[in-house]
Number of protein chains: 2
Amino acid sequence: MRIGDIARQAGVSTRALRYYEERGLLAPDRTHSGQRTYPGSAVERVRLIQQLLTAGLPSRTIRKLLPFIEAGQGSPDAFELLAAERDRITATMADLAATRDALDRMIEIAHHPTPEHCPALREPPWAPYTDVADDGAAALEPAAPTSEPSN
Amino acid sequence: MRIGDIARQAGVSTRALRYYEERGLLAPDRTHSGQRTYPGSAVERVRLIQQLLTAGLPSRTIRKLLPFIEAGQGSPDAFELLAAERDRITATMADLAATRDALDRMIEIAHHPTPEHCPALREPPWAPYTDVADDGAAALEPAAPTSEPSN
DNA sequence: CTTGCCCTTGACGTCAACGTCAACTTTTAC
DNA sequence: GTAAAAGTTGACGTTGACGTCAAGGGCAAG
């Protein structure tokens, strides 16, 4: 298959495919005239690359992982690499969950017409990390009537 | 508080604080000589900004959100904006979960010394989207008969 | 043969969130 | 009073994953 076929079936641009090759993630054959020729399995491979990139793995890491993944087995090094990336993703998910929950709390508060009698306001939804406490008075600064960020 | 104090307590660089100001996320006062002066609440604000940035929200979006968050209540527009970002984060989390599960399957397979009798190989862990099916034979690349751990 | 589409390499542009450096002024410490 | 530390603006550099031309080569159809 030629580069355009792979691009269409995998849902990426031809530029992306050439970029992946440049980064060592793909190694297509060439026809006599120099055109790239991919096996059908390249479609799956490109989708995997895309998924890993979307998950935040840099192409350098993907390059290290791909041989083991394609082989279906790996050395202890491969295992550690895979596990490390899995843990990184898990940590990112936890971060996202915390932020999403904070947004949920903000949304709930935004639904209350008069937030005065809303007990949730005691725990500000936008302060997930409470470890500073060096100046309790300053933390409750009376909201100065300074102009809000213009927009 | 001056810029260095905020930076230390919030765990960011002074450059980042000036950048946030440039993007309209912060609006510190100035002393007579031109130095920035922040209220103590800026520490929390900066941490929230950091959290949202880490969650993938661009500063432009954060700029729109911050007034509503600080006010503790908002218009229907604010609600929609907050909900949209929450949904975006949830979608990202689902993506990450799928990738993490794929990595987990790869790890499990990598643990099997002889993957021949491993039924998990029937469903390749690196092909989460199965809708191509143009060449099933090529998908089961014949692994080298030598079970030597490469590398 | 020529039209049109696909392909090639090469090189520069983009965008976000800062890092880094320069040149200078203000504040703080001794 | 002097030096170090911290602050200021301005401007350019970085990184990753591509987008976007530019200038040409290859090839089936009419």
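Bear in mind that the values here come from a model prediction, so they are computed numbers and not experimental data. A note on names: the letters A, B, ... follow the listed sequences, proteins ahead of strands, and every chain is numbered from 1.
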Closest approach of A7(A) to L17(A) (non-hydrogen atoms, all atoms of both residues): N-CD1, 3.7 Å
Whole-Å distance separating the CD atom of E21(B) from the P atom of dG7(D): 14 Å
Atom-to-atom span, CZ of R23(A) to C1' of dG16(D) - whole angstrom: 8 Å
Under-4.0 Å side-chain N/O to phosphate OP1/OP2 contact, R60(A) with dG16(D): yes
Whole-Å distance separating the OH atom of Y20(B) from the C1' atom of dG19(C): 13 Å
Position toward the 5' end of DNA chain C (nearest nucleotide), L53(B) or T31(B): L53(B)
Side-chain N or O of R36(A) closer than 4.0 Å to phosphate OP1/OP2 of dT9(C): yes
Under-4.0 Å side-chain N/O to phosphate OP1/OP2 contact, Y19(A) with dA17(D): yes
Given DNA chain C, 5'-ward residue of the pair L57(B) and R2(B), judged by closest heavy atom: L57(B)
Minimum-distance pair of heavy atoms, taken over all atoms of G4(A) and T14(A): CA-CG2, 4.3 Å
Check: R30(A) and Q35(A) side chains under 4.5 Å, non-hydrogen atoms: no
CZ on R105(B) to CG on L82(A), rounded to 0.5 Å: 13.0 Å
Rounded distance in Å - CD1 (I6(A)) to P (dC7(C)): 11 Å
Closest listed nucleotide, where the reference is the side chain of S59(A) and the choices are dC18(C), dG19(D), dA17(D): dA17(D)
Inter-residue atom distance I3(B).CD1 - E21(B).CD, 0.5 Å rounding: 7.5 Å
L17(A) CG - dC18(D) C1' separation (whole Å): 12 Å
Rounded interatomic separation in angstrom, taking CG from L52(B) and P from dA16(C): 17 Å
Approximate separation, where rounding is to 0.5 Å, of L53(B) CG and L25(B) CG: 7.0 Å
Sugar-phosphate, base or nothing in reach of R8(B), heavy atoms under 4.0 Å: nothing
Minimal non-hydrogen separation, I6(B) against P39(B), with atom names: CD1-O, 4.1 Å
Side-chain N,O (R18(A)) to OP1/OP2 (dT9(C)) below 4.0 Å: no
Given dC18(C), dC18(D), dA16(C), the nucleotide with the shortest approach to the side chain of S13(A): dC18(D)
Touch class at under 4.0 angstrom, heavy-atom based, for E22(A) against every strand present: nothing
Spacing of I49(A) atom CD1 relative to dC18(D) atom C1', expressed in whole Å: 14 Å
Whole-Å gap separating P (dT8(C)) and CG (D29(A)): 13 Å
N/O to N/O distances under 3.5 Å, protein versus nucleotides 20-27 of chain D:
unit_1: dT20(D); atom_1: O4; unit_2: R15(A); atom_2: NE; d: 3.1

Check: R2(B) main-chain N/O paired with D5(B) side-chain donor or acceptor under 3.5 Å: yes
Polar side-chain atom of R47(A) near backbone of G11(A) as donor-acceptor pair, under 3.5 Å: no
Pairs under 3.5 angstrom only: tabulate donor-acceptor contacts from the side chains of residues 54-68 of chain A to other protein residues two or more places apart or in another chain.
unit_1: T54(A); atom_1: OG1; unit_2: Q50(A); atom_2: O; d: 2.7
unit_1: S59(A); atom_1: OG; unit_2: R23(A); atom_2: NH1; d: 3.3

Can you pull every protein N or O that's under 3.5 Å from an N or O on nucleotides 3-5 of chain C?
none

